[in-house]
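Not measured: the values here are computed from a predicted model.
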Protein chains: 4
Amino acid sequence: MADTATQKISPKHEIRRAQIIACAEGEFEKHGFHGAGMSAIAKACGMSVGHLYHYFSSKEELIQAVVQAELDRQACRLDELESLPPEMLASDAARKVETILMHNDNPYRTVLNFEMLAEAQRNPKIAQMLQVNDKLMRDRFCALLISAGVDEPEDRTELLLAFFSGLPARALRHPEQERQSLVDVLVPVVEKIFGEPFRKTET
Amino acid sequence: MADTATQKISPKHEIRRAQIIACAEGEFEKHGFHGAGMSAIAKACGMSVGHLYHYFSSKEELIQAVVQAELDRQACRLDELESLPPEMLASDAARKVETILMHNDNPYRTVLNFEMLAEAQRNPKIAQMLQVNDKLMRDRFCALLISAGVDEPEDRTELLLAFFSGLPARALRHPEQERQSLVDVLVPVVEKIFGEPFRKTET
Amino acid sequence: MADTATQKISPKHEIRRAQIIACAEGEFEKHGFHGAGMSAIAKACGMSVGHLYHYFSSKEELIQAVVQAELDRQACRLDELESLPPEMLASDAARKVETILMHNDNPYRTVLNFEMLAEAQRNPKIAQMLQVNDKLMRDRFCALLISAGVDEPEDRTELLLAFFSGLPARALRHPEQERQSLVDVLVPVVEKIFGEPFRKTET
Amino acid sequence: MADTATQKISPKHEIRRAQIIACAEGEFEKHGFHGAGMSAIAKACGMSVGHLYHYFSSKEELIQAVVQAELDRQACRLDELESLPPEMLASDAARKVETILMHNDNPYRTVLNFEMLAEAQRNPKIAQMLQVNDKLMRDRFCALLISAGVDEPEDRTELLLAFFSGLPARALRHPEQERQSLVDVLVPVVEKIFGEPFRKTET
DNA sequence: CATGAATGAGGCTTCATTCAT
DNA sequence: CATGAATGAAGCCTCATTCAT
């Protein structure tokens with residue numbers, strides 16, 4: 001009755017859905033996936049509860065849509081890097097990191113982030129979505145590294161992602177940490193990961 | 001170790017509390033802080049709901065106790081490092097990482113981990129607990145680095161913590177990643193963070 | 001008549017609310033404000049518990065609505081007196097007292113009455129409602145006395161109200177008291193309060 | 001197992017009971033008969049819950065004891081009047097009213113008062129206690145009036161009791177009423193009830 | 001005489017979801 | 001396309017009472 005995938009491709013419908021996703025995201029950020037109620041979300045959309053169910057047949061589906069939207073946004077961050085000439089990758093990536101961290105009020109989007117990770121541990125559908133998205137991003141990033149002539153791209157990718165996955169948790173556990181100081185530490189690491197042989201000796 | 005108030009120090013009471021915390025942790029891991037019900041927790045403890053409230057006056061308080069227990073466990077991991085002779089720190093730390101990752105079924109304890117981080121975003125008490133604990137661990141770790149004669153201990157600490165905070169998220173998003181391969185990547189990073197100047201040029 | 005907030009003025013909604021108030025009143029009379037359960041009230045309304053909360057957001061609010069309804073009914077008793085020509089006030093008031101006491105099964109509505117007074121001692125909102133209503137009734141009654149040319153209207157009002165406030169308690173503590181006998185005693189008192197100088201010497 | 005009447009007449013036991021009644025009264029005044037919990041009462045007594053049940057086999061029984069204690073106190077107020085010479089009754093009663101109202105912080109003891117009346121409506125045992133006590137007091141008061149040579153003692157008694165039963169409700173609904181002004185009104189009324197023919201024409 | 005651990009039914013309230021209009 | 005009335009299970013928590021120690 002309500003296909004997650006084969007939704008009608010009416011433009012109005014899609015626009016409405018996007019608006020709802022945006023509102024729901026706000027509620028989820030404020031109260032968590034389990035703390036936010038469907039009626040509160042409906043109210044935030046200026047919409048009746050019943051009508052909400054015309055667009056999303058269950059809360060589960062709405063959560064998935066919100067998660068997917070966030071994953072898409074995360075993937076978009078690679079677009080810029082892909083448009084760079086390969087030889088400038090290392091330097092520009094580091095600069096980009098600096099820009100994001102210094103000129104962004106909420107650089108890590110921690111709220112939805114942890115909500116998603118927590119949910120993924122109990123909800124296989126969400127877990128799969130994260131994993132599929134991660135594979136896409138890894139592949140794209142690996143391709144970037146390869147085009148830049150960097151060796152061992154998988155390992156470097158994994159390393160970089162581990163790093164950036166850790167930053168949101170650090171922001172929560174150590175919020176008074178100065179951004180500038182963090183940037184000073186991160187930039188050389190990024191450059192190293194992008195450009196320099198990081199394993200001295202192989203077994 | 002962490003009394004919310006001046007709890008009576010009856011030994012039986014404390015033992016019971018610890019048992020409840022253990023059971024509750026299991027339920028929270030299975031269903032999340034908000035998904036696990038007090039009655040299910042009581043059942044898991046072999047106890048009536050009402051009686052649960054003789055030990056924890058609210059779900060909130062029980063969650064805090066579980067969180068504190070996990071934080072204490074995390075802090076304990078530093079104990080071993082502190083018992084090492086300073087000059088062996090770098091090498092032993094790397095070896096310890098390897099041991100943990102390779103010989104442990106659930107090395108990251110991701111479940112409670114993310115549940116805590118997600119909760120910390122809406123629950124100031126939990127957030128504070130994480131931050132207080134983080135400060136403690138940072139200070140202890142810095143002291144280790146200083147005793148080992150390493151410069152810029154704060155930055156190195158932050159870097160290392162970012163790294164290890166990222167691993168759980170990586171495990172969720174990229175579960176098929178081979179542990180051995182990950183270890184191969186991590187060990188040199190750890191060594192570098194422990195021992196080597198990581199900033200080539202200072203401004 | 002007494003909106004807690006700016007309730008929507010949907011007629012259906014208001015009718016339903018009134019029905020619920022009536023049913024709740026019945027339950028409160030039978031079991032008291034604290035003895036009556038929301039689920040029993042819902043059942044008495046032929047309604048699910050959850051739905052009750054679409055009309056009253058808490059038991060507290062429902063209690064307030066029931067109290068206000070009773071207070072409004074009490075105030076209505078003045079309507080008739082106000083429609084009388086001033087010179088007939090004394091005689092008609094006494095006759096009215098007789099009518100109420102003799103031709104009414106439950107002339108004092110003691111049940112809700114004492115429930116309200118008991119509740120007012122712990123619930124400031126209820127206390128305030130009683131006091132506001134009392135002021136309104138006193139003012140209206142004073143105006144009546146003034147229009148009838150009676151002196152010292154405030155004191156007479158207070159006296160009369162003390163009297164009639166005492167009757168419900170008497171009915172409870174002395175239920176076998178004959179009504180007719182009581183009326184014989186009351187009528188001259190009422191007449192005296194309405195018409196005759198009751199203080200022999202004024203300062 | 002636990003006789004309400006034939007309790008052991010051990011002096012210690014009785015003293016303890018009296019202490020508990022005093023503490024329970026405090027709790028009942030603060031939270032009402034239904035709002036006060038047995039464990040809170042036990043705590044107020046510095047006693048364990050279980051032990052409380054050695055003195056009162058149920059909450060119901062405790063409530064009854066508290067009610068009886070209050071009724072006994074009310075009856076005691078007649079003692080003084082009974083010790084007066086009959087001819088001074090009218091004047092002294094009025095003066096006594098004045099003394100009570102002007103030199104007493106809580107002259108009406110409204111809290112327990114209304115709690116009792118509300119409870120009496122649903123609890124036949126309590127109702128009976130009030131009624132038995134009321135009969136005793138009426139009889140004693142009638143005897144006083146008769147000894148003072150006053151006619152129609154029953155009616156006068158009922159009238160006076162109605163008056164004084166109304167004052168607590170007035171105190172709740174019109175708390176800002178000045179005491180002095182009230183006394184000025186009451187004193188002549190009391191005198192009239194005690195001493196003067198109040199019905200102009202008898203049938 | 002005294003404790004407090006233990007029970008489990010019942011309290012108020014919220015929730016995702018459905019359906020008649 | 002849109003509403004909001006309606007459901008009832010489940011949520012957290014409190015209570016009077018009992019019983020082993």
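Each of C:S57 and B:S48 was assigned the nucleotide of DNA chain E with the nearest heavy atom; the assignment lying further toward the 5' end belongs to B:S48. In terms of position along DNA chain F, the nucleotide closest to C:G50 lies nearer the 5' end than the nucleotide closest to the other residue of the pair C:G50 and B:S39. Nearest-nucleotide positions on DNA chain F place C:L52 closer to the 5' end than the other of C:L52 and B:H51.
In this structure, C:I41 atom CD1 and E:dT13 atom P are separated by 10 Å, rounded to whole Å. Protein atom CD1 of C:I20 is 11 Å distant from nucleotide atom C1' of F:dA5, rounded to whole Å. We find that NZ of A:K43 is positioned 11 Å from P of E:dC15, with the value rounded to whole Å. When rounded to the nearest whole Å, the span between NE2 of B:H54 and P of F:dA16 equals 12 Å. For the pair C:M47 CE and F:dT7 C1', the computed distance is 11 Å after rounding to whole Å. Separating the NE2 atom of D:H34 from the P atom of F:dT14 is a distance of 18 Å, rounded to the nearest angstrom. Straight-line distance from the CZ atom of C:F33 to the P atom of E:dG11: 17 Å, rounded to whole Å. Atom CE in B:M38 sits roughly 12 Å away from atom C1' in F:dT14 (whole-Å rounding).
Of the candidates F:dC13, E:dA16, E:dA5, E:dA16 carries the atom nearest the A:K59 side chain, counting heavy atoms from C-beta on. When each of F:dC13, F:dC1, F:dT7 is scored by its nearest atom to the side-chain atoms of B:S58, the top-ranked nucleotide is F:dC13.
Using a distance-only test at 3.5 Å, with no hydrogens or angles considered, a donor-acceptor pair links the side chain of A:R17 to the main chain of A:Y55.
Distance check: D:E25 CD to D:L112 CG gives 5.0 Å after rounding to the nearest 0.5 Å. Considering CZ of D:R16 and CD1 of D:I20, their distance stands at 6.5 Å, rounded to 0.5 Å. Between the CE atom of A:M116 and the CD1 atom of A:I126 there is a distance of 8.0 Å, given to the nearest 0.5 Å.
Taking the six-membered ring where tryptophan is involved, the planes of D:H51 and D:H54 are tilted, since the angle between them lies from 30° to 60°.
For F:dA6, one of the phosphate oxygens OP1 or OP2 lies less than 4.0 angstrom from a side-chain nitrogen or oxygen of C:R16. Here C:Y53 does not reach the OP1 or OP2 of F:dA6: none of its side-chain N or O atoms lies under 4.0 Å away. Taking only side-chain nitrogens and oxygens, A:Y55 comes nearer than 4.0 Å to OP1 or OP2 of F:dA2.
When heavy atoms are screened at a 4.0 angstrom cut-off, A:A42 is found touching no nucleic acid atom at all. Within 4.0 Å of B:A36, counting heavy atoms only, lie sugar-phosphate atoms of the nucleic acid but no base atom.
In this structure, a donor-acceptor pair under 3.5 Å is present between the side chains of D:E70 and D:Q74.
Between C:E60 and C:K125 no salt bridge is recorded (no basic side-chain N to carboxylate O distance below 4.0 Å).
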Pairing annotation in dot-bracket form, given for DNA chain F with Watson-Crick or G-U pairs under 3.5 Å and | for cross-strand partners: .||||||||||||||||||||

Listing, residues 30-45 of chain B side-chain donor-acceptor contacts under 3.5 Å, not counting sequence neighbours, or none:
{"unit_1": "B:H31", "atom_1": "ND1", "unit_2": "B:E27", "atom_2": "O", "d": "3.4"}

